[in-house]
Amino acid sequence: MKGNEMPNESRGTLPGIEPAFRGKVRDIYDLGDRLIIVASDRISAYDSVLPTPIPGKGMVLTLLSAAWANWLTGIPHHILETDVSAFPPPYNAFTRELGGRSMLVRKARRIDLECVVRGYLAGSGWKEYGESGAVCGIPLPKGLKMSDRLEEPIFTPSTKADSGHDRNITIEEAGEIAGPETVREVRRLSLDIYRKAREYAAAHGIIIADTKFEFGFIDGRVAVIDEVLTPDSSRFWLANEYLPGESPPSLDKQFVRDYLDAIGWDHNPPAPELEEDIVRKTSERYRMALKSLFPEINIERYL
Ligand SMILES: Nc1ncnc2c1ncn2[C@@H]1O[C@H](COP(=O)(O)OP(=O)(O)O)[C@@H](O)[C@H]1O
Ligand SMILES: [Mg+2]
């Protein structure tokens, strides 16, 4: 994490209260057995937080996570409350700063795995397949094209590195980190959630190419924590932009990455400012994800 590059922004920050932890995107306030997780409008690319925020992004991430958690009936999750006026004091006083972008959750003992599910062949999965015909030790049919749909989604965990890059690992290696029984459980939950969500999203014109879940223990039970099926944790494609053999633009940082590539940034901090046009188009794409999947949610009421 490159904390000294955090942009200065007022929305999402609380006067006089410092978060216990500041991630690339989220600020976390520790209430003992609970946490308040605040999604800022910060955006990261190539492992750096950019100096320019994306208006509405934090709300999209929070509102989407909460909507999915609610939709996924029967799957244990960490969310207690998203209505800021029902947060414990002093946080309930900050409805303007926190509204729409924060949640009160139960603190979990985190399972240190990135639980990735792939339903399409993209990113590092496509790269690995090209080199070995397998992804994380799972052999796949021959002759698949880039972005092809996998009939059976696959569970391809990676390490959760606090610094540096996550590394794809086999189920056996995951078992060494978290214990084989826990890995069986997070695998089952990850595939179950992904299968249900992929079907729901398809009916709303969105392809969830792949996604990453985090899990933790709450009261001895494995529960979904962190963010759920958001553009930051998943590769979302618009169904009408999808063509096998090509790499469809994703519903998140596509414009940002393209812009940074075009101006030739070498990925060494500090990251450059984004142009207004890129910011607006990126903000629109994040909102499109929420609007397509849960049209009944009105983000405007928090803006
Ligand atoms: N219920 C929970 N209990 C404990 N830790 C959590 C919970 N939900 C999310 N987290 C952790 O909070 C952090 C979220 O901040 P974020 O900005 O997304 O961090 P990162 O830069 O690691 O992605 C992650 O480290 C995540 O594992
Ligand atoms: Mg995160």
Side-chain angles (χ1 to χ4, degrees), residues 1-7 9 11-14 18-50 53-54 57-66 68-70 72 75-82 87-88 91 98 101-116 157-167 174 177-178 182 186 189-190 193 210-236 252-253 269 271 286:
M1 200 184 319
K2 294 153 182 139
N4 54 343
E5 293 160 43
M6 291 300 171
E9 48 160 13
R11 277 296 195 91
T13 58
L14 301 183
E18 272 303 305
F21 171 80
R22 209 165 261 236
K24 284 198 282 290
V25 171
R26 291 175 174 75
D27 294 340
I28 303 207
Y29 298 85
D30 195 336
L31 277 52
D33 58 344
R34 293 169 300 168
L35 304 171
I36 289 175
I37 302 186
V38 184
S40 71
D41 288 340
R42 295 191 289 268
I43 189 166
S44 66
Y46 300 117
D47 287 331
S48 285
V49 175
L50 308 187
I54 304 295
K57 175 178 182 277
M59 291 187 187
V60 168
L61 301 183
T62 299
L63 297 171
L64 252 184
S65 292
W68 280 119
N70 183 45
L72 289 161
I75 305 278
H77 63 77
H78 65 157
I79 303 176
L80 290 168
E81 188 60 73
T82 52
F87 285 8
Y91 302 95
L98 300 182
R101 65 170 73 249
S102 46
M103 38 195 198
L104 178 68
V105 306
R106 303 181 64 187
K107 196 197 279 181
R109 183 163 60 80
R110 196 175 77 185
I111 297 163
D112 284 334
L113 292 174
E114 304 261 357
C115 294
V116 178
S158 63
T159 57
K160 186 155 177 53
D162 269 333
S163 60
H165 289 286
D166 300 328
R167 185 172 54 83
I177 294 169
T182 299
V186 297
L189 284 167
S190 299
I193 300 170
D210 48 44
T211 192
K212 175 221 74 175
F213 301 106
E214 287 186 28
F215 295 92
F217 287 98
I218 298 175
D219 286 344
R221 208 160 147 218
V222 176
V224 194
I225 63 166
D226 205 51
E227 57 184 325
V228 184
L229 295 158
T230 72
D232 277 10
S233 69
S234 323
R235 202 183 304 259
F236 287 168
D252 64 336
K253 306 175 184 171
Y286 270 89

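All of these numbers come straight from a predicted model, not from anything done at the bench. All values below come from the heavy atoms of this structure, side chains included, with hydrogens, waters and symmetry mates left out. Numbering of residues begins at 1 and proceeds along the displayed sequence. Note that ligands are numbered from 1 as they come in the structure, with each ligand's atoms numbered from 1 the same way.
- Residue contacts with ligand 1 for Arg110 involve side-chain atoms from C-beta outward but no N, CA, C or O (heavy atoms, distance under 4.0 Å).
- The ligand atoms of ligand 1 that sit less than 4.0 angstrom from a heavy atom of Glu214 are 26 (C), 27 (O).
- Between Lys57 and the options Thr62, Asp41, Asp252, Asp232, a side-chain hydrogen bond (donor to acceptor under 3.5 Å, both in side chains) holds for only Asp232.
- The CG atom of Leu35 sits 11.5 Å away from atom CZ of Arg106, with the distance rounded to the nearest 0.5 Å.
- Contact check for Leu14 versus Tyr91: side-chain heavy atoms found under the 4.5 Å cut-off.
- Atoms of ligand 1 lying under 4.0 Å from any heavy atom of Ile37, numbered from 1 in the order shown and given with element: 8 (N), 9 (C).
- Counting heavy atoms from C-beta outward, Pro88 and Leu31 have side chains that approach closer than 4.5 Å.
- Counting heavy atoms closer than 4.0 Å to ligand 1, residue Val105 contributes side-chain atoms (C-beta onward) but none from N, CA, C or O.
- Between Val25 and ligand 1, an N or O atom pair is found at a separation short of 3.5 Å.
- Residue Lys107 has no nitrogen or oxygen atom sitting less than 3.5 Å from a nitrogen or oxygen atom of ligand 1, judged on distance alone.
- Remark: distances from the non-hydrogen atoms of Ile218 to ligand 1 are all 4.0 Å or more.
- The shortest distance between side-chain heavy atoms of Ser233 and Thr211 falls below 4.5 Å.
- Polar contact check, Arg26 against ligand 1: a nitrogen or oxygen pair lies under 3.5 Å apart.
- Remark: side-chain polar atoms of Thr159 are not paired, donor with acceptor, to backbone N or O of Asp166 under 3.5 angstrom.
- At distances below 3.5 Å, at least one donor-acceptor pair connects side-chain atoms of Lys107 with backbone N or O atoms of Gly32.
- Considering Ile28, Ile225, Asp30, Asp232 only, the shortest heavy-atom separation from atom 13 (C) of ligand 1 involves Ile28.
- The shortest N or O to N or O distance between Lys24 and ligand 1 is under 3.5 Å.
- Each of the atoms 1 (N), 2 (C), 3 (N), 4 (C) of ligand 1 lies under 4.0 Å from some heavy atom of Ala108.
- With a 4.5 Å cut-off on side-chain heavy atoms, Arg34 and Glu81 do not count as touching.
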